[in-house]
Amino acid sequence: MKLANLDGRATVVTPEGVIDLETASGGRFPARPDSAVARIFEIRDWLAATRPAPDPTTTQAMLETDATRLGPPVTSPAQVFAVGLNYRDHSAETGLAVPDVPLVFTKFPSSLAGPAADIPLPTPTCDWEIELVVVIAEGGRDIPAQKALDHVAGCCVGQDISERTGQMAGTAPQFSLAKSHRAFSPIGPWITTLDEADPADLGLTCTLDGQTVQSGRTRDLIFDVPTLISHLSGICELTPGDLIFTGTPAGVGFSRTPARYLTTGSVLRSTIEGLGSLTNPCS
Ligand code: ZN
């Protein structure tokens, strides 16, 4: 199942059309996308049992071509976790050691944006990082790795846009603020449930103005999704709608010689196999 934020309303997307959850369920399910995420397993069962007719005037293919009506599938999560240096090839390109525990920071929720959002560039040193984003459906503490995926609503594509000058300023790096400027966390195009896409091995590709800059697979994560959920929930109580940006593979701009950054007018396209694409112009 694909759960989207279409025109601000919780909507199931299918090849045949879209299903507005509040309308199709006669008010049983809420219109607010974040509320639907918390009930995604119930919604999936209800869909299978009732088979409501999709509205064919808007189809999955149309939204893949033009995602401007889609907002971030979660708009106000209580917590957004992000993991640094979680692929060996990316650790190597930064010249930093592979961490022996997950390196965790936050992207503040006001930085979330939709899959077609414009990204205003606050400085000339803004960089890209394609990432698999995990969406929590059922929270909890001390979730064992073996049960972790039972707590996951699904996954989506994310970009951990990073302002490198601010990130590297000071004696200890400013990860969280430098990665939380306006629209620095586009996610989408929708949440895809795990029965349709297994996060253990998905291909990720990021292109800048049509040129491939990142290409990797989630099987190369140093700390995989169950390990991250277990680790994080051992410290923070997870809640429905929480997001985990799981890290980026090699190919970011600041590690290049010469360094390359996003520029006004450039278009960043981020694709994960089975999950869809983000297309974000920069201004
Ligand atoms: Zn990142």
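Atoms within each ligand, like the ligands themselves, are counted from 1 in listed order.
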### Ionic contact status for R28 with E42, cut-off 4.0 Å
yes

### Message
Which of the protein's N, O or S atoms come within less than 2.8 Å of the Zn ion (ligand 1), not counting waters?
### Response
E129 OE1, E131 OE2, D160 OD2

### Query
Quick one: does S180's side chain have a donor or acceptor within less than 3.5 Å of a partner on S176's backbone?
yes

### Task
Give a yes/no verdict on a cation-pi contact between K107 and F245, requiring under 6.0 Å between NZ or CZ and the six-membered ring centre and an angle within 45° of the axis.
yes

### Task
Mind jotting down which residue pairs meet the ring-ring contact (aromatic ring centres under 6.0 Å, His included) criterion with at least one end in residues 74-94? Sequence neighbours excluded, please.
none

### Task
Sort and list the pairs that fulfil ring-ring contact (aromatic ring centres under 6.0 Å, His included) and have at least one residue in residues 136-158, not counting sequence neighbours.
none

### Task
Please identify each residue that fulfils side-chain hydrogen bond (donor to acceptor under 3.5 Å, both in side chains) with D20, with sequence neighbours left out.
R9, T23

